[in-house]
**Q** 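Here it is, the structure, as structure tokens.
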2 protein chains.
Amino acid sequence: MLRDWQSVRAEVLRRIHARDWKPGEMIPNEADLAAEFGCARSTVNRALRDIAQSGLLDRRRKAGTRVASNPAARATLTIPVMREEIEGTGRKYGYQLLSRSTEIPPVAESAAMQLPPDGTLLHIRALHLADDRPFALENRWIDPGVVPGVADAHFERISANEWLLQNAAYTHGEIAFSATVAGPADAPLLGCAAGAPLFVTERLTWDTTRAVTRVRILFAPGYQMRTGL
Amino acid sequence: MLRDWQSVRAEVLRRIHARDWKPGEMIPNEADLAAEFGCARSTVNRALRDIAQSGLLDRRRKAGTRVASNPAARATLTIPVMREEIEGTGRKYGYQLLSRSTEIPPVAESAAMQLPPDGTLLHIRALHLADDRPFALENRWIDPGVVPGVADAHFERISANEWLLQNAAYTHGEIAFSATVAGPADAPLLGCAAGAPLFVTERLTWDTTRAVTRVRILFAPGYQMRTGL
DNA sequence: GAGTGGTCTAGACCACGGG
DNA sequence: CCGTGGTCTAGACCACTCG
């Protein structure tokens, strides 16, 4: 008698794990499982939906539920505000504004943000520090037309990262991770040698149909982004 | 009259977005919202649970539901089998086994896998190709004691990646992303210059309490991992 | 057409944890 | 203590899609 959906999930996972139900194979439908487990169908539904979300099950109306044959691993990355990322590991957070100006961005930026190539954006460069040592170098473009009030924010004490979270809304975004080398301009800021390998994140956030901000962050050497699987 | 949980979710998101409910603020309880929306409480529950999972709401029994003040962005990464990642972008997948042997691993590996430092593991090195060009270099250690049958797998035609998915079970794992530079040994295999920046993933998977495999993958220069936000 | 998952409902009980 | 979210139930209708 399995009483709650987490028990059902555990039992289903056990059967998949034990190869009772093999990859690619169909599993019984919800009604049958509910009867077997002695619970309501909605409880089984909740459990199976949860497993399907993790990628281990493939569910389709009428076609039924089958065990995924090549389950792609799914990992949920939590990307906190940089202050919290640093303080969360017990280190002291520091912040330093490098520059703030209104400029015409490189075409790569305006294109990505779907803006005319001759418009101006707010350009912020800042350094985040952990225990007074360089941690990450932020290079950000903000569309002031989409973020009211940003013209009055000077970003000297509070990072654009946090200010935007409090003051700007966004509906969705994209993020990319890659690797690059420290250039001669960036290396001294990050306290590393030119040519050192750097982990990079690039984010682009949207408010419905308009790009809010685009940011590229270079992390000091040794940075790792980790998560469970 | 909001009839389904997705409409409820949309309306709640709209109110958060419109700052009707500000960051850190409490929102009405489920029963009240259900009454207002003209639907059952469970429908509201489903919607709010979904939003909470994305990090925008913070829910606690008795304390109620409040809008997150510093919502950490959450992104779900889908990490497919390498073959599917390459074929999914319309390129031809290629695979080449570089070496396969039984060795005593470096202590870093045995320690991470929580194994005695004098035990042996199966060591696989392989190259994944996209359109006949180097795509990623895989360096993997497998515990044959945890994966029955792995001693008979030669991995000449099928990658360890795929073989393990079909033949080995795992319950959980960890994954880390970072950056490194191409060493003199790896550079020619990846078709790049020594010193080129490489994106790296390191994965460690477990079957309950025993480490199954540890793999480090170096991606050829230019690789990006992207996802929605 | 018919079987399957997706969802809604109304009511109920319970666990947690703030006050 | 007691309000709030977490969950279960039984039944119902519906949408999708396979055959």
Side-chain angles (χ1 to χ4, degrees), chain A residues 1-16 20-69 71-72 74 76, chain B residues 1-16 20-69 71-72 74 76:
Chain A
M1 213 67 155
L2 302 180
R3 297 235 141 276
D4 53 42
W5 71 271
Q6 311 190 33
S7 313
V8 173
R9 179 179 59 186
E11 171 60 14
V12 171
L13 286 175
R14 191 194 63 73
R15 293 187 187 182
I16 295 174
D20 288 352
W21 296 331
K22 301 187 182 58
E25 241 179 58
M26 282 270 274
I27 77 172
N29 69 33
E30 296 186 348
D32 290 349
L33 286 175
E36 180 194 339
F37 293 149
C39 65
R41 178 166 79 95
S42 48
T43 304
V44 173
N45 180 279
R46 175 85 188 267
L48 296 187
R49 242 191 315 114
D50 186 87
I51 298 176
Q53 195 173 19
S54 81
L56 248 74
L57 286 179
D58 192 21
R59 318 191 75 199
R60 257 178 299 174
R61 285 161 145 120
K62 167 68 181 176
T65 301
R66 46 182 71 246
V67 180
S69 31
R74 285 190 202 174
T76 300
Chain B
M1 213 64 156
L2 303 180
R3 297 238 139 275
D4 53 45
W5 70 271
Q6 312 191 34
S7 313
V8 173
R9 179 180 59 183
E11 172 60 14
V12 171
L13 286 174
R14 191 195 63 74
R15 293 186 187 182
I16 295 173
D20 288 352
W21 295 332
K22 302 187 183 60
E25 242 180 55
M26 250 291 274
I27 77 171
N29 69 33
E30 297 186 345
D32 290 350
L33 286 175
E36 182 194 339
F37 293 150
C39 66
R41 178 167 78 95
S42 50
T43 305
V44 173
N45 179 279
R46 174 87 189 264
L48 296 187
R49 246 193 311 117
D50 186 88
I51 298 176
Q53 196 174 19
S54 81
L56 248 74
L57 286 179
D58 191 22
R59 319 193 75 199
R60 258 179 294 173
R61 286 163 145 120
K62 168 67 181 177
T65 301
R66 48 182 68 245
V67 180
S69 30
R74 283 188 204 175
T76 301

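Proteins get letters first, then strands, A, B, ... in listed order; numbering begins at 1 in each.
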**Q** Can you tell me if the side-chain N/O atoms of Arg49(A) get under 4.0 Å from OP1 or OP2 in dG6(C)?
**A** no

**Q** Which pairs with one or both residues in residues 33-44 of chain B pass salt bridge (charged side-chain N to carboxylate O under 4.0 Å, His left out), sequence neighbours excluded?
**A** Arg15(B)-Glu36(B), Glu30(B)-Arg41(B)

**Q** Any residue in residues 27-37 of chain B with a heavy atom nearer than 4.0 angstrom to DNA chain D? Just list them by number, or reply none.
**A** Asn29(B), Glu30(B)

**Q** For the helix from dG1(C)-dC18(D) to dG18(C)-dC1(D), what angle lies between the axis at the first five pairs and the axis at the last five pairs, to 10 degrees?
**A** 20°

**Q** What residues form a side chain to side chain donor-acceptor pair (under 3.5 Å) with Arg14(B), not counting sequence neighbours?
**A** Glu11(B)

**Q** Under the side chain to side chain contact (heavy atoms under 4.5 Å, CB included) test, which residues partner Arg49(A), sequence neighbours left out?
**A** Asn45(A), Arg46(A), Arg59(A), Arg46(B)

**Q** Among all residues two or more places apart in sequence or in another chain, which pass the side chain to side chain contact (heavy atoms under 4.5 Å, CB included) test with Ala40(B)?
**A** Ser42(B), Thr43(B)

**Q** So, using side chain to side chain contact (heavy atoms under 4.5 Å, CB included) as the criterion, who are the partners of Ser69(B) when residues are at least two apart?
**A** none

**Q** Mind checking what makes side chain to side chain contact (heavy atoms under 4.5 Å, CB included) contact with Ala72(A), not counting sequence neighbours?
**A** Thr78(B), Pro80(B)

**Q** For Arg9(B), check salt bridge (charged side-chain N to carboxylate O under 4.0 Å, His left out) against everything at least two apart and list the hits.
**A** Asp50(B)

**Q** Base, backbone or nothing for each nucleotide of nucleotides 9-19 of chain C, written B, S, -, heavy atoms under 4.0 angstrom, 5' to 3'?
**A** B--B--BBBB-

**Q** Using salt bridge (charged side-chain N to carboxylate O under 4.0 Å, His left out) as the criterion, list what pairs up with Asp4(A), not counting sequence neighbours.
**A** none

